Structures are given as structure tokens and as C-alpha cells.
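Some notes on the structure that comes next.
Quick note: numbers below take in every heavy atom, side chains included, and nothing from hydrogens, waters or symmetry partners. Since we're looking at a predicted model, the values are computed, not measured.
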Amino acid sequence: MLPALVFAQRWRGDYGRRPYDRNGVPVWEVDKNFPGDLFTFARVRYDSYSGRGRGGGWDTDYPDSDLNFSLRLQQLTTIKVNPEHKVVDLTDEDLRDYPFLYMIEPGGLSFSEAEVIALREYCLSGGFLMVDDFWGDTQYENLAYELSRVFPDRRPEEVPLSHQIFHIVYDMKEKPQVPSIHSARYGVSWENARDGSDTTTPYYKAIYDDKDRIMVFICHNTDLGDGWEREGENRDYFAEYSVKKAYPMGINIVTYAMTH
């Protein structure tokens, strides 16, 4: 569990409205002498949608999840964090300026050929992609197909709980499953899949480089982003899912990405 005294719940509006609708998330000071020496939460924007399975958009949970996670990462670790998040396209020339990328709701995306090449080069050059918030077999099959285009010779593998990514900062005793706040209100820790497949078990899969470094980390049948976005809306959800699961796992993932 995260430190209780540091990690008090921050209700929406605690700090008043901020420019560009930060929804109460404060802006913290950064060292102006080293503007590039900061972790920036970078979210992948995509405008393709294949229609296979049910997927949302690249901006699901945006921007609250990005802002809240950046705040908590700044508060709870020694990582120097940019208070401003970033939205990037895979084909951006400055993509490699962001060693960590977050992609959400990939159940229906379809990469362009340019995106396939750009993502492959980014990952093989040391970049890290986290994929989050998609449910059921059909959505996973869609992502797996798209990643097979990026890495024709590599396949996602289930990551054992013993892997350091589950323990590098916070010692996770299980692979965490975070439902949407709406599902949690019905007393369940999963979300239903449109195809009817079983979603009660979370899976964490990875694609590795030749040195066994995780390049792509896939969080399937779980929604860590909702645990970040919705932290200020319900005390029970905050205590059970934000504090115990979403933030510890997210911090572990980013710490692994930044140290490997």
C-alpha cells in the first residue's frame, strides 16, 4: 500500500480550476536549468480504427489520468516529473524524446504502415510502450495482430509475478485488476466484454528485445488508467483500486521503463 500520510485522497476541485482545465491538479516547480531532465507522461494518439472488436479512443480517461498519475509519481518517488503531459503521434520526429509511451483502448486500432515502422524503431532503440484498458479475447486478438505487424518475429509472453516489474518499487502480491469505477459500483473487479469472453482474470504480457528488456508491456483485462483518472470521485474506489493497485503498478511500470 502507498504511504497513507502522503497519499491522502485529492477530491476534484481541491485546488480550484487551473489553466487548460487541469481539474484541480496543481502545478509544481521544476528546475528551469534542466528543462529536458524530466519524465514526461506521453500518451499515444491514433486516428485509425479497424472496427474489429470494441475499442474506445486514444483519449479515453484523458487528461485526468495523465495529470493525476504525473502528480502522484512526483509525490511518491524521486523521479523528477514534468507537470505537463504530452500527446504524441507515433510518426512524430521527436518521439524518441519520450522514453515512455502510454496507449489505451487498442481493441479496434489499426496501425498505418508508417506507424508500424516508427513504433518498431522506437522500441528497438530503447523506448517503452505501455498498453492499457482493453477487455476480452476479441480486443486482445486485434492488438496481437497489430503488434505482429510491428514485430513479425516476436510474440507477447505472459510476465510471471516474480518479474521485477511487479516489485521494483512496490511489492505486488498479485497481478492487479482494476475495473472502471462503474463496474466497481456493482461490486465486481472486471468489465464485461462485448464478445462474451471471460474477463475475470487480468493478464500482463510483454514483448522483449534481444537483451530481455521489456519493450511493450500489455495490461489486459484491467484498467489502470481509470484508477488514476477517478481517484477523486469515490472513497471506496480510491482506497481499493487507486491506492492498492493502479498507482503502485503504474509507478512500478514507469520505474522499470526509466531504469532499463
Side-chain angles (χ1 to χ4, degrees), residues 1-3 5-45 57-89 92 94-105 127-133 165 168-170 176 178 181 217 219 222-233 237-238 241-260:
M1 183 180 295
L2 302 188
L5 293 179
V6 175
F7 204 7
Q9 186 170 12
R10 186 187 58 78
W11 291 99
R12 289 182 183 273
D14 280 354
Y15 300 92
R17 305 300 290 186
R18 297 278 174 165
Y20 35 83
D21 198 25
R22 291 183 65 91
N23 206 13
V25 179
V27 177
W28 52 91
E29 293 292 328
V30 298
D31 191 335
K32 296 179 180 178
N33 294 318
F34 299 96
D37 190 23
L38 295 169
F39 169 83
T40 298
F41 188 98
R43 172 185 290 252
V44 175
R45 174 171 49 204
W58 67 267
D59 57 350
T60 299
D61 300 337
Y62 175 84
D64 287 4
S65 67
D66 309 41
L67 293 169
N68 287 341
F69 183 79
S70 296
L71 171 67
R72 296 311 191 181
L73 187 66
Q74 169 75 12
Q75 290 177 328
L76 297 169
T77 73
T78 59
I79 297 174
K80 302 303 180 184
V81 183
N82 188 348
E84 309 297 342
H85 61 281
K86 178 75 173 179
V87 175
V88 298
D89 298 310
D92 286 350
D94 63 348
L95 188 69
R96 295 188 189 183
D97 291 346
Y98 306 98
F100 171 90
L101 299 179
Y102 179 72
M103 178 183 289
I104 197 167
E105 290 270 14
F128 183 101
L129 173 68
M130 172 185 174
V131 185
D132 184 34
D133 189 13
I165 201 167
I168 192 167
V169 179
Y170 296 100
V178 179
I181 195 170
F217 192 65
C219 310
T222 190
D223 185 356
L224 300 179
D226 225 40
W228 308 336
E229 179 200 12
R230 306 285 190 161
E231 69 154 70
E233 296 185 30
Y237 185 79
F238 171 79
Y241 293 110
S242 299
V243 173
K244 294 181 181 179
K245 298 182 179 184
Y247 281 118
M249 192 67 236
I251 288 172
N252 277 2
I253 294 167
V254 166
T255 303
Y256 176 91
M258 298 299 290
T259 56
H260 291 73

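- Residues Thr60 and Arg43 come closest through the heavy atom pair O-NH1, 2.9 Å.
- Formation of a donor-acceptor pair under 3.5 Å by the Arg230 side chain with backbone atoms of Glu233 is not found in this model.
- A distance-only check finds no donor-acceptor pair linking the side chain of Asp92 to the backbone of Asp94 [under 3.5 Å].
- Within the structure, no pair that satisfies the salt bridge (charged side-chain N to carboxylate O under 4.0 Å, His left out) test touches residues 249-260, not counting sequence neighbours.
- When all heavy atoms of Ile181 and Tyr237 are compared, the closest pair comes out as CA-CE1, 3.6 Å.
- The shortest heavy-atom contact between Ile165 and Met249 is O-CE, 3.6 Å.
- The closest donor-acceptor contact from the side chain of Ser70 to the backbone of Pro83 lies at 3.5 Å or more, if one exists at all.
- Although no hydrogens or angles enter the test, the distance criterion places a donor-acceptor pair under 3.5 Å between the side chain of Asp223 and the main chain of Asp226.
- The closest donor-acceptor contact from the side chain of Asp132 to the backbone of Gly225 lies under 3.5 Å.
- The side-chain hydrogen bond (donor to acceptor under 3.5 Å, both in side chains) test with Tyr62 singles out one residue from Glu229, Arg45, His85, and that residue is His85.
- Among all heavy-atom pairs drawn from Ser65 and Trp228, the shortest one is O-CB, 3.8 Å.
- A donor and an acceptor atom, one from each side chain of Ser242 and Arg72, are nowhere located under 3.5 Å apart.
- Taking every heavy atom of both residues into account, Asn252 and Val169 meet most closely at OD1-N, 3.1 Å.
- Contact annotation: the side chain of Val87 approaches that of Trp58 to within less than 4.5 Å [non-hydrogen atoms, C-beta and beyond].
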